[in-house]
Chemist: 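The structure follows.
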Amino acid sequence: MAGMEGQEVYDPQAALTPIEEPQRRRSTLLTVCPFILGNEFCERLAFYGLSTNLIVYLTHVMGEENGFAAIQLNLFEGTCYLTPLLGAWLADSAWGRYKTILIFSGIYLVGMVLLAFSAWAPGLTPGPDESSTPLQSAFLYASLYIVALGTGGIKPNVSAFGADQFDEADPQDRREKTSFFNWFYFFVNSGSLLAVTVIVWVQENVGWALGFAIPAAAMLCAIITFV
């Protein structure tokens, strides 16, 4: 017995016990980020589907002069790049990124719905060879600037909110975080490409109301999936 001291005793039962492998955690990129990427895709689809053809809409439908239409486009786009200051401040100081994105996406949707309604309702667009009335112009520009306000809460926060989903202490999340930004810009460019091709074609060949309604519907779907 003394000679067996210090030696391991072979246990056949222990040898047959299966070794449990560590449970693999779910992929953040595949389970969480598609909703964030979808929101950005729809926002870019709506923005470029509106801004790309806005001068044509103002001149051909609303009866505005080319110079005046170009000024309005510049003012609209300039506002879209100023409102992110408000959205970033609210996200960092008051609401957090998720609530800010959700609220401003709702504002964005309201603007797109009003814009589609203004293009569809006969009384909100002038007749052929007529200029828009003050009421028609007011309704249109109110819709546009509601959209400009809405984009202010989305533009500065979506990419940062997506990055927040990844745990830097986890090796898998660190790898997927790099892939997230690649996919993020892929969805940005895909939404923009679809807007300047398909949406513009629909606006000019099918109808402006439908051309504005499609991005509005896409924005609604983005909000539903984001929630």
Side-chain angles (χ1 to χ4, degrees), residues 31-54 57 72-73 75-121 124 136-165 180 183-185 187-188 190-192 194-195 198-199 202-203 208-227:
T31 57
V32 178
C33 292
F35 306 108
I36 300 171
L37 296 173
N39 183 274
E40 180 64 16
F41 172 84
C42 295
E43 192 275 332
R44 292 292 86 187
L45 178 71
F47 177 78
Y48 284 106
L50 172 58
S51 63
T52 301
N53 228 17
L54 183 58
Y57 183 75
Q72 296 308 312
L73 175 62
L75 290 173
F76 169 71
E77 290 186 339
T79 305
C80 288
Y81 285 97
L82 282 176
T83 53
L85 296 174
L86 173 63
W89 177 79
L90 286 173
D92 291 339
S93 304
W95 293 345
R97 291 192 178 100
Y98 175 80
K99 186 177 180 180
T100 302
I101 294 171
L102 187 60
I103 290 174
F104 278 80
S105 294
I107 294 173
Y108 202 123
L109 175 62
V110 170
M112 290 302 302
V113 169
L114 291 176
L115 187 62
F117 179 74
S118 72
W120 171 78
L124 293 177
Q136 292 167 343
S137 295
F139 197 94
L140 170 65
Y141 292 120
S143 305
L144 288 175
Y145 285 98
I146 290 173
V147 171
L149 176 60
T151 195
I154 300 173
K155 191 185 294 292
N157 293 313
V158 171
S159 60
F161 181 68
D164 289 344
Q165 309 309 307
F180 166 75
W183 283 109
F184 180 82
Y185 285 104
F187 275 82
V188 167
S190 296
S192 304
L194 189 63
V198 177
I199 300 301
V202 170
Q203 290 169 349
W208 288 95
L210 181 61
F212 292 144
I214 292 174
M219 201 67 207
L220 176 61
C221 292
I223 294 173
I224 293 172
T225 56
F226 191 74
V227 172

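All values reported here derive from a predicted model rather than from experimental measurement.
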Chemist: How far apart are the closest heavy atoms of C80 and K155, and which atoms are they?
Modeler: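 Heavy atoms only, the tightest pair is O-CE, 3.8 Å.
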Chemist: Rounded to the nearest 0.5 Å, how far does CD1 of I214 lie from CG of L210?
Modeler: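 So the CG of L210 and the CD1 of I214 are separated by 4.0 Å.
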Chemist: If I compare all heavy atoms of A195 with all of G49, which pair ends up nearest, and what's the gap?
Modeler: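 The pair with the smallest heavy-atom distance is CB-N, 3.3 Å.
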Chemist: Calculate, to the nearest 0.5 Å, the distance between atoms CZ and CD1 belonging to F104 and I101 respectively.
Modeler: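 So the gap between those two atoms works out to 11.0 Å.
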Chemist: Could you check if a side-chain atom of Q72 sits within less than 4.5 angstrom of a side-chain atom of L144, using non-hydrogen atoms only?
Modeler: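 Side chain of Q72 against side chain of L144, heavy atoms only: no contact under 4.5 Å found.
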Chemist: Taking side-chain contact (heavy atoms from CB on, under 4.5 Å) as the definition, give me every residue that meets it alongside L37, ordered by chain and number, with sequence neighbours left out.
Modeler: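 Here the qualifying residues are F180, W183, F184, F187.
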Chemist: Roughly how far, to the nearest 0.5 Å, is the CG atom of L54 from the CG atom of L140?
Modeler: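 Interatomic distance, L140 CG to L54 CG, rounded to 0.5 Å: 7.0 Å.
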Chemist: For P215 and A46, which heavy atoms make the closest approach, and how far apart are they?
Modeler: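 That closest heavy-atom pairing would be CB-CA, 3.6 Å.
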Chemist: Which heavy atom of N39 sits nearest to which heavy atom of M219, and what is that distance?
Modeler: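 Minimum heavy-atom separation between N39 and M219: ND2-CE, 4.3 Å.
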Chemist: Main chain of G153, side chain of Y108: is a donor-acceptor contact present, judged purely on distance under 3.5 Å?
Modeler: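 Here the side-chain-to-backbone pair does not exist.
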Chemist: Quick check: does any side chain N or O of T83 sit under 3.5 Å from a backbone N or O of A148, one acting as donor and the other as acceptor?
Modeler: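 Yes, T83 side chain to A148 backbone: donor-acceptor pair under 3.5 Å.
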Chemist: Looking at L115, V113, L114, which one forms a side chain to side chain contact (heavy atoms under 4.5 Å, CB included) with I146?
Modeler: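 When side chain to side chain contact (heavy atoms under 4.5 Å, CB included) is applied between I146 and each of L115, V113, L114, only L114 qualifies.
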Chemist: How many angstroms lie between atom OH of Y48 and atom CG of N53, to the nearest 0.5 angstrom?
Modeler: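 The distance works out to 14.5 Å.
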Chemist: W120 and A209: which non-hydrogen atoms are nearest, and at how many Å?
Modeler: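 Distance-wise, the nearest heavy atoms are CB-CB, 3.7 Å.
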Chemist: Name the one of N157, V158, L102 that satisfies side chain to side chain contact (heavy atoms under 4.5 Å, CB included) with R97?
Modeler: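 The side chain to side chain contact (heavy atoms under 4.5 Å, CB included) with R97 is passed solely by N157 among N157, V158, L102.
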Chemist: Within a reach of under 6.0 Å around OH of Y185, are more than 12 heavy atoms found that belong to other residues, nucleotides or ligands?
Modeler: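 Atom OH in Y185 is not packed in, count stays at 12 or less.
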Chemist: Hey, can you tell me if F212 and Y57 have their rings parallel, tilted or perpendicular (30° and 60° cut-offs)?
Modeler: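 Answer is perpendicular, since the angle exceeds 60°.
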Chemist: So, taking the atom named CD1 in I154 and the one named OG in S105, what distance separates them when rounded to the nearest 0.5 Å?
Modeler: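 Here the rounded value is 3.5 Å.
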Chemist: Between L86 and L149, does the side-chain contact (heavy atoms from CB on, under 4.5 Å) criterion hold? Intermediate values first, please.
Modeler: CA-CA 9 Å; L86 173 63; L149 176 60; 4.1 Å; yes
Chemist: Calculate, to the nearest 0.5 Å, the distance between atoms OG and CG belonging to S137 and L124 respectively.
Modeler: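 CG of L124 is found 10.5 Å from OG of S137.
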Chemist: Given side chains that start at C-beta, do those of I199 and T52 come closer than 4.5 Å, heavy atoms only?
Modeler: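 I199 does not reach T52 side chain to side chain.
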Chemist: Please state whether the rings of Y81 and F47 are parallel, tilted or perpendicular, taking 30° and 60° as the class boundaries.
Modeler: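 Ring orientation, 0 to 90° scale: perpendicular.
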Chemist: Taking all atoms of both residues into account, what is the closest heavy-atom pair of G87 and P156, and its distance?
Modeler: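 The answer is C-CG, 4.3 Å.
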Chemist: T151: what forms a side chain to side chain donor-acceptor pair (under 3.5 Å) with it, not counting sequence neighbours?
Modeler: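 Side chain to side chain donor-acceptor pair (under 3.5 Å) list for T151, sorted by chain: E43.
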Chemist: Report yes or no: does Q165 contribute a side-chain atom to a donor-acceptor pair with the main-chain N or O of F161 at less than 3.5 Å?
Modeler: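 Side chain of Q165 to backbone of F161, a donor-acceptor pair under 3.5 Å: yes, one is there.
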